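The structure appears right after this line, and notes come after that.
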Amino acid sequence: MITLNGKGVFSAIAIGTIRYFTFHQEQIEKYNVEDIEKEIGRFYAAVRQETAELETLFKKAVEEVGEKDARIFQIHQMMLEDEDFFRSVEEIIRTEKINAEYAVHQAASAAERVLAGSQDEYLRSRASDIREVFSGLVKILSGAAAQEIQSDQPVILAADDLTPGETIKLDKSKILAFITAKGSSNSHTAILARSMGIPAVVAVGESLNPDCGGRQAVVDGASGTIYLDPDAETLRVYGEAKAEQLETASELQQLKGKENITKDGRKIKIYANVGSLSDVETALENDAGGIGLFRSEFIYLGRSDFPAEEEQFQIYKTAVEKMEGKEVIIRTLDIGADKQVDYFQMPREENPAMGCRAIRICLTRPEIFRTQLRALYRASVYGNLAIMFPMITSVEEVRDCKKIVQEVQSDLLAEGLVFRPDVKTGIMVETPAAALVSDELAAEVDFFSIGTNDLTQYTLAVDRQNPNLERFYHPHHSAVLKLIQMTAESAHRHGIQVGICGELGADPELTQTFLDFGIDELSVSASRILPLRKTVRAIDRECL
């Protein structure tokens, strides 16, 4: 038995045979061209094709892992729209009179070297993104066939490395686990593996090579350990551990249909956060009591123009119909900050997290807001729909929203279109400002939902997208918890409900704290619903 060590990505166990997949590195031919303009045209045609392929990958990823983790493919699309890169490739083709694929290779290699040599870890991680995006462009230009990872039987997939694109294409029914020689536990590939629920170990090193193919192995995704040709005792221990994991999963399934109630009689609603219609199906499969956060911005992402009212209406209608009377809280578009969309033509901002995003876009560009509101109100007659406004910081903003809502309702009435006038409207509490004036805000709305991700970011003045600041990002900070408690108390003074839809909602260390605060509803990713129900049902305040 040989033991290999890497970095665990997803804490699960896999036992099976390794199949080592080797990617063939295409030699990029360099040759002179006579028709420069034709060659440049060929380059831009390849860019359009690659952009379309990335859009397809984005849509598949949204269905597989949700909008948040699918965002890497939008980042890749943005890289393909870099005008500096376009100019660099054009200049190489014109000055050296060479073929487009070699010009792309030269320009991309230069950009990759700059990022790879950066002192900033985040920028260094972008180097692999450049490699993936522009190798795809070179393959299109050279006419090389795309390599697909396929297997007839379930296997442990091994490779030098995997890109996000290769990972999202994996047939999960044929992949027991994957292990790679290179990679990082914080890479986009690792994030996708966690979201897809695939046991994985990365950064194993050169000891993982093609000679490992065909050998039996045990993969421990928790410790990052791989056992090649495991002995009988190792197989026994890990076989039992895997059986325990399956038993735990089975026990969670037994919680379906059970109440979210503590041993001392306190109840709480457990809802799901969703980022696509396929996520709604997953929420139902995991016995969600409702949808606490429907991220409507997925409708706006990965496209070249604004979604029409009818398209939005059909999506909202389908969502509420699928939930069959359970509450569906739809957040109006939250574009901006880390979710940029080119066709919105927003001006470049030095600090987009503090810039024109979410409700600020809706109030400064009401024509976009009206279209979405019309679709939402039309869909309201098909189920239990509620509307939630993000990034609210003042009572004035709420009143501005309500005024536009009244105008939209008047228009629909005049046009003879059916809608429910009593749709509940609420706000997200995501800033210290909103929490501090929550007593005033509670008098204006039907419910609160606390977005703990942004609330933590703005309270601690820490950019949660910056990996270099991870040590300073403390979601359990007493200031954050005090703001949550203050918001809950304000809500209950005015007789409205308050939920949490940020990541803290799934944190078992805080479940009892939130119950003590009087939080009425926790909205989490679908996979966390049953584990959270188990946590709630084990709490017994009377025994403390």
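All values below come from the heavy atoms of this structure, side chains included, with hydrogens, waters and symmetry mates left out. Here the structure is a predicted model, which means the values were calculated and not measured.
- Residue pairs meeting the ring-ring contact (aromatic ring centres under 6.0 Å, His included) criterion with at least one partner in residues 388-435, sequence neighbours excluded, are Phe369-Phe389.
- Among residues two or more places apart in sequence or in another chain, the side-chain hydrogen bond (donor to acceptor under 3.5 Å, both in side chains) test is passed with Asp507 by His476.
- In this structure, Cys501 and Ser449 approach most closely via the heavy-atom pair SG-OG, 3.3 Å.
- Listed by first then second residue, pairs satisfying salt bridge (Lys or Arg N to Asp or Glu O under 4.0 Å) with a partner in residues 486-497 read Asp439-Arg493, not counting sequence neighbours.
- Remark: Asp287 engages Arg533 in a salt bridge, criterion side-chain N to carboxylate O under 4.0 Å.
- With sequence neighbours excluded, no residue satisfies side-chain hydrogen bond (donor to acceptor under 3.5 Å, both in side chains) with Glu244.
- Here Val202 pairs with Lys7, Val9, Phe178, Thr180 under the side chain to side chain contact (heavy atoms under 4.5 Å, CB included) rule; sequence neighbours left out.
- For Lys326, there are no salt bridge (Lys or Arg N to Asp or Glu O under 4.0 Å) partners two or more places apart in sequence or in a different chain.
- Checked against salt bridge (Lys or Arg N to Asp or Glu O under 4.0 Å), Lys60 has the following partners two or more places apart in sequence or in another chain: Glu64.
- Applying the salt bridge (Lys or Arg N to Asp or Glu O under 4.0 Å) criterion to Lys402, with sequence neighbours excluded, gives Glu444.
- For the 3.5 Å distance criterion, the side chains of Glu310 and Gln314 qualify, holding a donor opposite an acceptor.
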Return a table of donor-acceptor pairs under 3.5 angstrom between the side chains of residues 426-434 and protein atoms on other chains or two or more places apart.
residue, atom, partner, partner atom, Å
Glu430, OE2, Met391, N, 2.6
Thr431, OG1, Ala434, N, 3.1

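- Taking the ring-ring contact (aromatic ring centres under 6.0 Å, His included) definition, one finds that Phe448 meets it with nothing, sequence neighbours left out.
- By the salt bridge (Lys or Arg N to Asp or Glu O under 4.0 Å) test, Lys258 is found to be paired with no residue, residues two or more places apart in sequence or in another chain being considered.
- Sorted by first and then second residue, the side-chain hydrogen bond (donor to acceptor under 3.5 Å, both in side chains) pairs involving residues 404-420 (not counting sequence neighbours) are Arg370-Glu407, Arg374-Glu415, Arg420-Asp422.
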